Each structure stands twice: as C-alpha cells, then as structure tokens.
Undergrad: 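The following block contains the structure, expressed as structure tokens.
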There are 2 protein chains.
Amino acid sequence: MTASAARADTRLSPRKRAGNGPARRIDADEIGLDALVGHAGYAVRRFQIWIFQDFIKTLGDVDIRPTQYSVMTVIGANPGLSQMAVAKRLGIERARLVHLLDSLEQRKLVKRIKSKADRRSHALHLTAQGETALAKFKRLAAEHERHVEAKIGKENRERLLQILAGFT
Amino acid sequence: MTASAARADTRLSPRKRAGNGPARRIDADEIGLDALVGHAGYAVRRFQIWIFQDFIKTLGDVDIRPTQYSVMTVIGANPGLSQMAVAKRLGIERARLVHLLDSLEQRKLVKRIKSKADRRSHALHLTAQGETALAKFKRLAAEHERHVEAKIGKENRERLLQILAGFT
DNA sequence: GGAAGATTGTTGTTGACGACAACAATTGCC
DNA sequence: GGCAATTGTTGTCGTCAACAACAATCTTCC
C-alpha cells in the first residue's frame, strides 16, 4: 500500500479536461499533482503533520505535545540551563518558551530556580515528579517511534534520521 | 558525521552536572540532546521549518507561500476542480481554503466559476494572469529545490522524496 | 566608577495554520 | 415529497513563528 506512489509525474496530463466544471465525479485520489510531486517541502510537510498527529495521539493520555517533550528532554539531559540556552538549542523563541515553561511549571514537572551567578536568568530543572514523568513520556515516545517504523519501514526511518541529522 | 544517530540512548548520562545553575558559560551548540536525537519527528520538524523558510524567502519577491503555491499548482494541473476536491487532495480544510482562495482571487490569479452541474460548488480555474504567474512561481520553486539539494545533497533529496512519496 | 550597550525574561500583537461547529443553499436518496 | 448528505461560508479556539517593546541585570569601555 505504501509502495503505490512515485508514479504520477509521468501520467498523461489531464489539463483542460473540463470546460467550466467537472462533468464526471472526481475521486480526489485521482487528481494529478504534477509539479507538486517532486517538491521536497510538500512531502516533508505532509509527513510532519502525520508524525506529529501520531505523537500527540500516542502521548495523549499524558497530555504532552512534541514541543513540551523536547523541552523536558533537553532540561532533563542538561539541568541548570537558562531559558535562552534551551530556546536557542531547540530553535524556539524565548517568548514562546515562557508560556511552555509556565505550563510545565504549573504541572509541577519543571521548576525555575533563580540563578545566583546571573540574576537575570533562571536555571531550569525537572522536579522529582518531572523526572519520573519524563521516563514514562520516553517510553510512549519510543512507542510512537515504532509507529513511524511501521509506516515508512525500519531502514527508511534510519536513513531519514541520517539524512536529516544536520538539523538536530 | 551523519552516521552518528541511533545510539544516544546509551551514552553515560551527564545528569546532575549542575547543582542549581551553570557554573560555566554554555555555548548552546554543546548541549546534549540525548533522547531527542533519534526521534524522527524532531528532525523532520526542524527540517520542515528550514525548508519552508527557504521557500518563503526564495518566493518572497512574488509573495507566495507554500500553501498558496500548492493550491495554484493543483488548480493549474486540474482546472475545474471544486473547492472540496482541492481541499481533500491537499489535506487542508475547506474552511481554510476559502480564505486562501479569497486572497488568490483578489490578486486575480484564480477565479471561482459557478458550476452549472452542481450549483453548490465552484469550478476553480487559473486566470490568464494566474497561468503566467504560476510559470514564474515554478521557476522560483525549482530554484528553492536546488537550495535543498545544496543543503542535504542531491541523492539524499531524492532518497527523501522516495521515502516520503506515500504522503503526497 | 559610571555611562552606554548588550542580554535575559516577560508581555503583547500579528499572521499563518489546523480543528471544530454551525449555517444556508443545494443535491441525492428513499 | 421529505430527509439526510454535501458544498461553500462564517466564526471560534488553540498552536505556533515572528516581532517589538520593556524592566532588570550584566558587560564593556572610557
């Protein structure tokens, strides 16, 4: 079922089939994308939507979204980071990180500790509760990753990670 | 360097390096992502952001965003489609497509023609101006695609398209 | 040592986008 | 002929990226 793509570009162009309206019912599966096939951005966008939806669903019970997971993972692996450091590392704006941390702090998963070295900044840590929660999140994330494998194949997933390793 | 994924889970944890704050200046490039590396979703998200930004910049002079481009491409290749058909094909909601078409119609690139076969629906067409404009957009999109090649390599781009072909 | 400029966290706004819900007009079905 | 489904539209809500402005604080430079 997944192997049925990658043609489509070389089908006889359906151009100007209809004068001012479709005479026949169009099945929406048989619409030629033409130039759209072959655009990396389009494929990546569609895939990203799919993968995020599966992540959100798989971690739906614990109510954790991909960005929240990435923030907790980075803090868990590097306790004491400032908000700027986390934002820069994850490529999110510090303005946005404020709300993310507000939410995570309300849920007692993360805490902001005033840094004594630089009184402008906060040192970010997971709470004890946050540590055990993150462990559970990681198990669910691993399950999500298996869904990805099931979707595109184990070796394709690894090739993908290899190709995109420069963006992490 | 690109082969360095898929371990990550088994590195000695740098946990608890800092008591309540970073003693040393952290360079934000040397922050361990640990479990984040190895997550397909994270890599794909970062890549998608990069690729969209390049697309928007490359087509900045003509003020066309990726979604607008995809809509015009589909209409150009399949004149007379209804809004539902386009929405379903591109995976966008029909509610959202309304605004996209409003914008494109104001710019005289697309026109909605009342279908006589089904008076509920509109047959979508490019205007003459839209046709020539789309040709220019496609040239710029091809230039963008070359940027992608330059970023990840020609053969990696093609492998990527192959892997994700099922999502187009 | 003090003024000038940079950095950090915060608040706010804007716009693109996905997800829903409701609605009128129209079509298809039984 | 009547009732469910479809199509386009309008609206709301929440997520997210991109900016801009601001107070507090640090750094730099004279």
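The model shown is predicted, which means the values in this text are computed figures rather than measured ones. So that the names make sense, note that chain A is the first sequence line, chain B the second, and so on, each numbered from 1.
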Undergrad: Within a strict 4.5 Å, meaning less than it, do heavy atoms of the D54(A) and K151(A) side chains meet?
TA: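 Counting from C-beta outward, D54(A) and K151(A) never come under 4.5 Å.
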Undergrad: Could you give the distance from CD (E149(A)) to CZ (R157(A)), rounded to the nearest 0.5 Å?
TA: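 Taking CD in E149(A) and CZ in R157(A), the distance rounds to 5.0 Å.
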Undergrad: Using heavy atoms to find the nearest nucleotide of DNA chain C for R45(A) and H122(A) separately, return the residue whose nucleotide is more 5′.
TA: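 Looking at the nearest nucleotide for each, H122(A) comes out on the 5' side.
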Undergrad: To the nearest angstrom, how far is I56(B) atom CD1 from dC19(D) atom P?
TA: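 Going from CD1 in I56(B) over to P in dC19(D) covers 11 Å.
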Undergrad: Within this structure, what is the NZ-to-P distance between K114(A) and dT10(C), rounded to whole angstrom?
TA: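 K114(A) atom NZ is separated from dT10(C) atom P by 11 Å.
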Undergrad: Should the pair W50(A) and F47(A) be assigned to parallel (<30°), tilted (30 to 60°) or perpendicular (>60°) ring geometry?
TA: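 Aromatic pair W50(A)/F47(A) classed parallel.
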Undergrad: Ignoring hydrogens and angles, tell me if any N or O in the side chain of S115(B) forms a donor-acceptor pair with the backbone of S121(B) under 3.5 Å.
TA: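 Side chain of S115(B) to backbone of S121(B): no pair is present.
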Undergrad: Mapping F52(A) and L101(B) onto DNA chain D by nearest heavy atom, which one lands closer to the 5' end?
TA: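 Looking at the nearest nucleotide for each, L101(B) comes out on the 5' side.
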Undergrad: Phosphate oxygens OP1/OP2 of dA17(D): is one of them under 4.0 Å from a side-chain N or O of R46(B)?
TA: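 Checking R46(B) against dA17(D): no side-chain N or O falls below 4.0 Å of OP1 or OP2.
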Undergrad: Would you kindly give the CD-to-C1' distance between Q68(B) and dC17(C), to the nearest whole Å?
TA: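 About 12 Å, once rounded to whole Å.
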Undergrad: Measure CD1/I113(B) against C1'/dG8(D) and give the value in whole Å, please.
TA: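 Atom-to-atom, I113(B) to dG8(D), this comes out as 16 Å.
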Undergrad: With a 4.0 Å limit, can you tell me whether Q83(A) has a side-chain N or O closer than that to the phosphate oxygens OP1/OP2 of dT7(C)?
TA: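 No.
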Undergrad: If I take atom NE2 in residue H99(A) and atom C1' in nucleotide dC19(D), what distance separates them, rounded to the nearest angstrom?
TA: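 From H99(A) NE2 to dC19(D) C1': 13 Å.
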Undergrad: So which nucleotide from dC17(C), dT9(D), dT8(C) ends up closest to the side chain of M84(A)?
TA: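 It is dT8(C).
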Undergrad: Do H39(B) and Y69(A) have their ring centres less than 6.0 Å from each other?
TA: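 For H39(B) and Y69(A), the ring centres are under 6.0 Å apart.
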Undergrad: Go through N78(A) and R89(A) one step at a time and tell me if the side chain to side chain contact (heavy atoms under 4.5 Å, CB included) criterion holds.
TA: CA-CA 11 Å; N78(A) 310 81; R89(A) 186 59 188 88; over 6 Å; no
Undergrad: Please examine the side chains of Q162(B) and R159(A), heavy atoms only from C-beta on, and report whether any two atoms are closer than 4.5 Å.
TA: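 No, every pair of side-chain atoms sits at 4.5 Å or beyond.
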Undergrad: Name the residue closer to the 5' end of DNA chain C, choosing between D102(A) and R65(B) according to the nucleotide with the nearest heavy atom.
TA: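 Counting from the 5' end, the first nearest nucleotide belongs to D102(A).
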Undergrad: Taking atom C1' of dT7(D) as reference, at what distance in whole Å does atom CG of L81(B) sit?
TA: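 Distance check: L81(B) CG to dT7(D) C1' gives 14 Å.
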Undergrad: What does nucleotides 19-30 of chain C look like as a protein-contact string, B for base, S for sugar-phosphate only, - for none, at under 4.0 angstrom between heavy atoms?
TA: BB-B--BBS---
Undergrad: Check the distance between dA18(D)'s P and L97(A)'s CG and give it to me in whole angstrom.
TA: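 Taking CG of L97(A) and P of dA18(D), I get 15 Å after rounding.
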Undergrad: Think T67(B) has a side-chain N or O under 4.0 angstrom from the OP1 or OP2 of dC17(C)?
TA: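 Yes.
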Undergrad: Send over the distance from R112(A) CZ to dT8(C) C1', rounded to a whole Å.
TA: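 Computing the R112(A):CZ to dT8(C):C1' distance gives 12 Å.
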